[in-house]
Amino acid sequence: MSNFVLKAAVFPDNSVADVLIEDSRISEIGQNLQGDEVIDCTELRLLPGFVDLHTHLREPGFEASETVLTGTQSAALGGFTAVHAMANTSPVADNAAVVELVRNLGERAGYVDVFPIGAVTKGLEGTQMAELGLMNKSQAKVKVFSDDGKCVSDALVMKRALEYVKSFDGVIAQHAQEPSLTEGAQMNDSELSAVLGLKGWPAVAEESIIARDVLLAEHTGARLHICHLSTAGSVEVIRWAKARGIGVTAEVTPHHLMLTEQLVNDYNPLYKVNPPLRKQSDVLALREALIDGTIDIIATDHAPHAAELKDCEFSAAAFGMVGLETAAAVAQNVLIESGKSNWQRLAEVLSHNPARIARDENQGEAIAVGAVANLTLIDSQATRVIEASTASKSANNPYRGLQLKGQVVHTIYRGNFTVKNSVLQKVVSE
Ligand SMILES: [Zn+2]
Ligand SMILES: [Zn+2]
């Protein structure tokens, strides 16, 4: 269709208005607008399309777990219009050729904007800096760099990387895990890990790296982003750094906002994740920090793994869980159903803020005339039982079988429906 009208409660004040979408942009907002089709969305919430700053699409190299196509289809079902693809592929995205390949696969799939993240170090080995400048100058215009899956543990390498990306307003996204404190670690370090006989992963392994890196960010004046905060102590360090005016931003995953180490009790590898699920007191601290602005965004850390990597003994299983299709429902649970926050904050943490941190074009914008139509519409009253897998190739879904409130009904990417009535659409890509 060439144009259509959404009759919807327009964010942020939720007064019902018509939104006319023509040629990929919002061309008019008003009353009684005419279009080829008028779609009644008055029972839905119209929000800016979601942006995930932390997605593992697994291609190239691990296509048995996910591909750019299946991962971005999963993203569209979750209401996302952009994802940032982590660099721990095979080959590693540590040079211009690989980031351009991932970007092109994303364009071809046509479901969301795929922004490749570049590795900080060659081969994620933590020693030699990757081609940060060339990746930034490439067609992929990489602005976010991360060795995620591994920590940039060498302080000098981290300092140099921060200094380097500062020249083009880039950001280093740190997976904060001191390797010497987590060798062989399997789950949160606690009374429970002792009972289960699993090697513990202490909070200080995360907090010590964050403390070091916020000081390096202050020293260099560069932008630092901390991936997947998991402990109350990490929140305290970020709070201190922000009060001091340090240029740091932080993310939390849906699973660290909902799930605790207790789930590991029967050695189910579904709940094995890096960083590990922590205690209820950590969950509460993370929720509070998300609401008060200490934590800037929710990022999924969508980490699909083929069945053979998960359906095995706990100590042998891979770390990670999927999250794209359930992130919005978890956000609604934490921010809205709790009665503690609002839809404005939900749009900030799932759309505006991740796009701002990554300097994405045409994402995370206000719903206004002239903006590219990257939108999501949610039925906040609908309740659904979560299936293990729909679009994703992997079924390591920690919410499977649970009832969650909140359902993405339509996702609109560049003015086209990628999801309509909660069904994935075939898209015509360039
Ligand atoms: Zn990570
Ligand atoms: Zn990750």
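Numbering of ligands and ligand atoms starts at 1, following listing order.
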Tell me whether Cys227 has at least one N, O or S atom under 2.8 Å from the Zn ion (ligand 2). no
Indicate yes or no: at least one non-hydrogen side-chain atom of Thr300 is less than 4.5 angstrom from one of Glu325. no
Which residues share a side chain to side chain donor-acceptor pair (under 3.5 Å) with Lys141, sequence neighbours left out: none
Can you tell me which residue among Glu66, His56, Arg58 is in a side-chain hydrogen bond (donor to acceptor under 3.5 Å, both in side chains) with His302? Glu66
Is His175 close enough to the Zn ion (ligand 1) to have an N, O or S atom under 2.8 Å? yes
Answer yes or no for His228: is there an N/O/S atom below the 2.8 Å cut-off from the Zn ion (ligand 1)? yes
Working to 10°, measure the angle at the Zn ion (ligand 2) formed by atom NE2 of His54 and atom NE2 of His56. 110°
So which of the N, O or S atoms of Asp148 lies nearest the Zn ion (ligand 1)? OD1
Hey, which of Leu286, Ile298, Asp301 is the one that makes side chain to side chain contact (heavy atoms under 4.5 Å, CB included) with His256? Leu286
What's the atom name of the N, O or S in Asp301 nearest to the Zn ion (ligand 2)? OD1
Donor-acceptor pairs under 3.5 Å, side chain of residues 114-130 to any protein atom, not counting sequence neighbours: which ones?
| residue | atom | partner | partner atom | Å |
| --- | --- | --- | --- | --- |
| Thr121 | OG1 | Glu125 | N | 3.3 |
| Thr121 | OG1 | Gly126 | N | 2.8 |
| Thr121 | OG1 | Asp147 | OD2 | 2.6 |

